[in-house]
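First up is the structure itself, then whatever we jot down about it.
Computation of the quantities below employed the complete heavy-atom set of this structure, encompassing side-chain atoms and omitting hydrogens, waters and symmetry-equivalent molecules. Naming: A, B, ... by sequence-line order, numbering from 1 per chain.
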Protein chains: 2
Amino acid sequence: MSDSITAVEHEVLAAVLQVRTHVLQVLLWQRARKPDAGRWSSRPGGRLGPDEDVEHSIRRQLAEKVDVRQLSHVEQLSVFSAPDRRPDTRMVATAFLGLVPSHVDPAVPEDTSWHPVDRLPETAFDHRAIVERARGRLRAKLSYTNIGFAIAPPEFTISELRTHYSAALGYTVSATNLQRVLARRGVLEPTGETAPPGRAGGRPAALFRFAAGGLEVTDQFAVLRPPAGPYARSSVR
Amino acid sequence: MSDSITAVEHEVLAAVLQVRTHVLQVLLWQRARKPDAGRWSSRPGGRLGPDEDVEHSIRRQLAEKVDVRQLSHVEQLSVFSAPDRRPDTRMVATAFLGLVPSHVDPAVPEDTSWHPVDRLPETAFDHRAIVERARGRLRAKLSYTNIGFAIAPPEFTISELRTHYSAALGYTVSATNLQRVLARRGVLEPTGETAPPGRAGGRPAALFRFAAGGLEVTDQFAVLRPPAGPYARSSVR
DNA sequence: CACAGTTTTCGCTTAGTAGTCGAAAACCCC
DNA sequence: GGGGTTTTCGACTACTAAGCGAAAACTGTG
């Protein structure tokens with residue numbers, strides 16, 4: 001195990017996603033400097049500091065670009081570590097997924113802007129793969145967690161929620177089914193209020209919110225469950 | 001963004017799991033040196049080399065301890081980066097899950113040994129958390145992927161498979177149900193052969209294998225699916 | 001103010017999948 | 001051949017998702 005003691009540099013970066021104008025978009029930053037100048041990359045791409053873990057680091061660095069309070073969710077995606085992922089230096093990256101709810105429009109610096117995830121510009125390094133990974137994670141989790149809370153505003157009608165899910169998933173979902181699936185899981189709760197109908201009329205829509213205590217239901221959907229009935233008699237040997 | 005240029009050191013390590021004597025066990029190494037000597041830690045804990053990505057690194061380092069060809073599956077878990085996770089140095093770790101199928105018994109060095117995951121000895125640093133993470137990932141994926149291939153031998157009877165699943169999940173599963181769930185997903189295929197019955201007799205069990213092309217079915221189980229029927233007429237606006 | 005147009009909501013039905021139970025099948029040994 | 005043993009299979013139940021259409025609740029117009 002004769003490893004050289006050369007420590008590799010470590011950056012943290014995040015694909016920040018938001019549903020804007022009914023389309024899932026990612027916040028990208030146009031590189032001005034040296035390698036891959038002009039191309040777009042995920043924000044931020046800061047180095048990991050000596051006294052922080054990667055979660056702190058990404059939040060600290062995001063705070064320089066976006067108001068952190070407007071981030072509804074941040075989670076680790078994966079390590080990207082191909083030796084040649086950057087032409088200039090050897091740099092290992094821990095990538096994150098960041099989500100911004102649709103009702104806010106965070107102020108972002110001049111050199112950053114939003115791009116639809118399915119029409120990305122020329123990206124720097126492996127940032128396209130990172131965005132893809134983020135999109136994939138969001139999609140998967142919409143299916144089996146309550147992560148919808150992180151893309152939706154605090155209160156919403158079912159059809160609004162439907163457009164958010166549709167945008168994030170990339171296909172239209174049925175409002176009826178969405179309503180029922182989420183309701184059954186107990187993650188949706190009616191506020192009692194209704195939203196005023198649009199100018200064309202129509203029945204006023206009931207308002208809902210995601211149930212409190214809600215961050216990440218995850219699990220409880222396992223498919224080979226522990227037995228209920230007592231066939232555990234013939235124990236497993 | 002005035003980060004110091006001090007690069008942090010980066011290690012890769014793996015929780016290697018195997019079902020042994022009907023119990024899920026993890027391969028641990030007893031530390032001889034400096035910090036936390038005497039405690040048990042995940043193998044290996046080597047530094048990331050300058051010309052390799054983390055996946056290569058973990059396989060290279062595992063190869064020093066276990067025959068890599070006997071590893072049926074390796075996947076990235078998460079980055080562990082708390083500044084104080086080791087008392088001696090600042091070290092960021094990329095943790096992996098490694099799986100060994102039950103029909104092999106890899107030769108391991110003197111200072112390593114297998115331990116049941118639900119009765120771990122005193123572990124070094126944050127290695128208990130890493131093992132827990134690995135166990136959790138395996139459990140979850142048994143539910144919705146074909147990752148069973150990685151803990152089971154190439155051919156097996158349903159009851160054998162059942163004991164493997166039960167050991168890994170931590171509770172007994174029904175053989176009938178396991179059979180059908182996996183069969184429906186098309187991941188199980190009969191070899192046509194049967195296993196000889198035990199000394200007590202009994203109907204000879206049919207042999208199965210995991211269907212080829214099989215690594216990681218993952219997905220295809222999404223719960224808010226794209227619409228089949230044409231209610232996509234009222235497109236999403 | 002009745003009526004057409006619109007949007008949401010709800011109930012009914014179908015389909016697909018998981019879990020439980022018990023009986024039949026296929027073997028051993030005596 | 002009979003008792004004991006293990007596997008396999010079919011039948012039944014339960015639960016959840018999906019699809020469809022009718023009813024509810026509103027706006028605006030003639």
Side-chain angles (χ1 to χ4, degrees), chain A residues 142-144 156-163 165-166 169 171-188 190-208 217 220-237, chain B residues 142-144 156-163 165-166 169 171-188 190-208 217 220-237:
Chain A
L142 281 174
S143 207
Y144 62 91
F156 46 82
T157 69
I158 295 298
S159 0
E160 284 165 5
L161 189 61
R162 178 176 98 111
T163 64
Y165 269 74
S166 298
L169 289 171
Y171 51 78
T172 49
V173 298
S174 141
T176 301
N177 200 35
L178 178 64
Q179 143 86 302
R180 256 187 337 227
V181 167
L182 295 183
R184 168 152 30 211
R185 294 181 185 171
V187 302
L188 225 49
T191 69
E193 319 256 311
T194 61
R199 48 209 155 290
R203 178 171 172 169
L207 285 173
F208 291 83
V217 172
Q220 32 265 72
F221 83 105
V223 108
L224 294 162
R225 307 202 192 89
Y231 65 79
R233 51 197 143 96
S234 66
S235 77
V236 105
R237 248 183 306 173
Chain B
L142 281 174
S143 206
Y144 61 93
F156 46 82
T157 68
I158 295 297
S159 359
E160 284 165 6
L161 189 62
R162 180 177 95 112
T163 65
Y165 270 73
S166 298
L169 290 172
Y171 51 78
T172 49
V173 299
S174 141
T176 301
N177 199 36
L178 178 64
Q179 144 87 304
R180 254 194 338 236
V181 167
L182 295 183
R184 168 152 27 208
R185 294 182 185 169
V187 302
L188 227 48
T191 68
E193 319 258 309
T194 61
R199 47 206 156 292
R203 177 172 175 169
L207 285 174
F208 291 83
V217 173
Q220 27 267 70
F221 83 106
V223 108
L224 293 162
R225 309 201 192 91
Y231 64 78
R233 49 195 143 98
S234 65
S235 79
V236 106
R237 248 181 309 172

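- Annotation: the span from A:Leu182 atom CG to A:Asn177 atom CG amounts to 9.0 Å, rounded to 0.5 Å.
- Not a single donor-acceptor pair under 3.5 Å links the side chain of A:Arg162 to the backbone N or O of A:Ser174.
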Kindly give the atom pairs (protein nitrogen or oxygen, nucleotide nitrogen or oxygen) under 3.5 Å for nucleotides 10-12 of chain D.
from, atom 1, to, atom 2, distance (Å)
D:dA11, N6, B:Arg180, NH1, 3.3

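- Between the P atom of C:dA18 and the CD atom of B:Gln179 lies a distance of 13 Å, rounded to the nearest Å.
- Considering only side-chain N and O atoms, B:Ser159 lies under 4.0 angstrom from the phosphate OP1 or OP2 of D:dT7.
- For the pair A:Leu178 CG and D:dC20 P, the computed distance is 17 Å after rounding to whole Å.
- Between A:Asn177 atom CG and C:dT14 atom P the separation is 17 Å, expressed in whole Å.
- Atom-to-atom distance recorded for A:Leu142:CG and A:Leu178:CG is 9.5 Å, nearest 0.5 angstrom.
- Summarising the geometry, the separation between CZ on B:Phe208 and P on D:dT7 is reported as 12 Å, rounded to the nearest angstrom.
- Annotation for A:Pro204 and A:Ala195: closest pair CB-O, 3.4 Å, computed over non-hydrogen atoms.
- Across the protein-nucleic acid pair, B:Arg162 atom CZ and C:dT20 atom C1' stand 14 Å apart, rounded to whole Å.
- Remark: B:Arg184 pairs with no residue by the side-chain hydrogen bond (donor to acceptor under 3.5 Å, both in side chains) rule, at least two apart or across chains.
- For the pair B:Leu188 CG and D:dT8 C1', the interatomic distance rounds to 14 Å; values are reported in whole Å.
- The shortest non-hydrogen separation linking B:Thr157 to B:Ala205 is CG2-CB, 3.5 Å.
- Judged as a ring pair (Phe, Tyr, Trp, His ring centres under 6.0 Å), and not counting sequence neighbours, the contacts of A:Phe156 are A:Phe210.
- The side chain to side chain contact (heavy atoms under 4.5 Å, CB included) test applied to B:Thr191 returns B:Glu155, B:Glu193, B:Leu207, B:Arg209, not counting sequence neighbours.
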Could you go through nucleotides 26-30 of chain C and list every protein N or O atom that sits under 3.5 Å from one of its N or O atoms, giving the distance for each pair?
from, atom 1, to, atom 2, distance (Å)
C:dA26, N3, B:Arg203, N, 3.2
C:dC27, O2, B:Gly202, N, 2.7

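- Distances from the side chain of A:Arg184 to the nucleotides D:dT8, C:dA18, D:dA17 place D:dA17 closest.
- By the ring pair (Phe, Tyr, Trp, His ring centres under 6.0 Å) test, B:Tyr165 pairs with no residue at all, sequence neighbours left out.
- Rounded to an integer number of Å, the gap from CG of A:Leu182 to C1' of D:dA17 is 12 Å.
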